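Position 1 is the first residue of the sequence, and the numbers go up from there. Owing to the predicted nature of the structure, the values given are computational and were not obtained by experimental measurement.
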Amino acid sequence: MPYQYKVVELREKWLGGKMSGDKLESILNEHAAEGWRLKELTGADVKGRFGPDGVEGLLITFEREV
């Protein structure tokens, strides 16, 4: 079966300066309700909108059948 993938960037500043389990759980549940399932969770430096510096964050990869 073919799959489609979606990557969500979760920046540290979106979490109030720290990684929040509640925020991550909310994002996972929102996507699960749309038929997405967690494929991979990766810690990464995520580039901000302004300037060259990155912030610590997560890349959340979801997949679902097409």
Side-chain angles (χ1 to χ4, degrees):
M1 295 226 161
Y3 291 92
Q4 69 181 117
Y5 296 90
K6 180 178 187 177
V7 177
V8 176
E9 295 177 359
L10 189 59
R11 294 184 183 108
E12 182 179 345
K13 71 178 186 172
W14 291 358
L15 303 173
K18 63 178 182 171
M19 292 296 166
S20 164
D22 290 340
K23 179 65 175 174
L24 178 57
E25 184 177 317
S26 175
I27 289 171
L28 294 174
N29 285 329
E30 286 173 23
H31 284 80
E34 297 173 1
W36 294 99
R37 70 178 192 175
L38 178 64
K39 175 72 174 170
E40 187 171 17
L41 192 62
T42 308
D45 286 336
V46 181
K47 288 192 174 192
R49 293 181 185 227
F50 304 102
D53 296 332
V55 296
E56 287 190 27
L58 296 172
L59 295 177
I60 308 166
T61 304
F62 295 96
E63 76 174 359
R64 69 178 174 190
E65 292 181 5
V66 177

Can you tell me how far the [atom1] atom of [X] sits from the [atom2] atom of [Y], to the nearest 0.5 Å?
X	Y	atom1	atom2	answer
Glu40	Thr61	CD	OG1	5.5 Å
Phe62	Leu41	CZ	CG	8.5 Å
Leu10	Leu24	CG	CG	6.5 Å
Leu38	Leu28	CG	CG	5.5 Å

Does Thr42 form a side chain to side chain contact (heavy atoms under 4.5 Å, CB included) with Leu58? I'd like the steps, not just the answer.
CA-CA 6 Å; Thr42 308; Leu58 296 172; over 6 Å; no
Fellow cluster residues of Tyr3, listed by chain then number, with links counted only when side-chain atoms sit under 4.5 Å apart
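Noted: Tyr3 shares its cluster with Tyr5.
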Would a 4.5 Å heavy-atom cut-off, applied to side chains only, mark Ile27 and Ile60 as touching?
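Yes, at least one pair of side-chain atoms sits under 4.5 Å.
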Do Gln4 and Arg64 come within less than 4.5 Å of each other through their side chains, counting heavy atoms only?
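Touching, per the 4.5 Å side-chain cut-off.
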Do Val8 and Leu59 pass the side chain to side chain contact (heavy atoms under 4.5 Å, CB included) test, and can you show the C-alpha distance, the side-chain angles, and the key distance before you say yes or no?
CA-CA 6 Å; Val8 176; Leu59 295 177; over 6 Å; no
Under the side-chain hydrogen bond (donor to acceptor under 3.5 Å, both in side chains) definition, can you give me all pairs with a residue in residues 26-35, not counting sequence neighbours?
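Listed once each, the pairs are Lys6-His31, Ser26-Glu30.
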